[in-house]
Amino acid sequence: MPNSLIDFRDWSPTDLEKLFDLSFHIEKEKSVSSSGNHLLRTAALLFFEPSTRTRISFESACHREQISATVLSGKSGTSLEKGETLEDTVLNIAAMEPDVLIIRSGSELDLHQLRQKVSQPILNGGWGTHSHPTQALLDIRTLLKRGQKISDIRIVLVGDVKYSRVAHSHFELSRKLGYQVAVCGPREFLPSQSDVTVLEDIKSAMEWGNVLMMLRFQLERHQQTHRQNDWEKYQINLQKLKAWQEKGWLMHPGPINYGIEMDRDVESYPKNLIFEQVNSGLWIRRACLRTVLK
Ligand code: CP
């Protein structure tokens, strides 16, 4: 099994299957202490960008795996404020010998380059617009738990696909595992790859897909401002979902801009999996920790 997860390039379909199996096995374990083979391990969680779900679930996964977690959350109060670079910050923390580095950062840190410079495994907790592999894994695990077969999964990524690291990890993971992915959104928010199926509107997305993966409009990453009507055509609400109920799951990696990509009334949609995704994150991240710390 690979000793880091930055993206899926080193992970074979068999490695990924083992990871999913391990996450289901961990969920069935009766007590926290049954996994006591990682006593006295330490993890450094270096979250240079904001996070709720990923940071807390990695932290919680560490506690439940009996791994002591040290958390750096945000740049404030660190020597980054004195001009130290992100890479130097990570290298200094790596010198304190944590057993694993869990990192969320912007693109200014090169995780592949960093991997050559540290001896510890690296787990990517969301890297710029490049990748967010544990999010893609937890999304697929959520669908597996609901009985979907991988080969039947057809995910439509809706909205701000271009800037979405979750979308980029799904493009990569879908090629490894064999599920289908399409995109739907305003033209300027779509990725430049020519090999991605583009669906013109939500109606076509619902006809093609069995999962709508709504994506947050990442206004903080955009160079220019956009008019609201650029994206309101792609908004989802309960009324639109009702016609589709038998066929499709609603997902969103969070955080959600209610009123922009979705109305709040989608909370009552029976096939809304958003909190199940969050729950899956715990088991996937425990499985990742156990895999790279073997
Ligand atoms: N999905 C996700 O990465 O959420 P956070 O930014 O809250 O971690």
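Note that ligands are numbered from 1 as they come in the structure, with each ligand's atoms numbered from 1 the same way. All residue numbers refer to positions in the sequence shown, counting from 1.
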Can I get a per-line list of side-chain donor-acceptor pairs under 3.5 Å for residues 16-25, giving both atom names and the distance, sequence neighbours left out?
{"residue": "S23", "atom": "OG", "partner": "F20", "partner atom": "O", "Å": "2.7"}
{"residue": "S23", "atom": "OG", "partner": "R141", "partner atom": "NE", "Å": "2.7"}

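Contacts of K117 classified as side chain to side chain donor-acceptor pair (under 3.5 Å), with partners at least two apart in sequence or in another chain: E87. Applying the salt bridge (charged side-chain N to carboxylate O under 4.0 Å, His left out) rule to E84 yields no partners; only residues at least two apart in sequence or on another chain are considered.
Stacking of R104 on the aromatic ring of F47 is not recorded, the 6.0 Å distance cut-off and the 45° axial limit not both being met.
The contact shell of ligand 1, taken as protein residues with any non-hydrogen atom closer than 4.0 angstrom, comprises S51, T52, R53, T54, R104, H132, Q135, P253, G254.
Note on R41 versus E65: no salt bridge recorded, every NZ/NE/NH1/NH2 to OD/OE distance being 4.0 Å or above. The pair R175-E172 does not meet the salt-bridge criterion, since no charged nitrogen lies less than 4.0 angstrom from a carboxylate oxygen.
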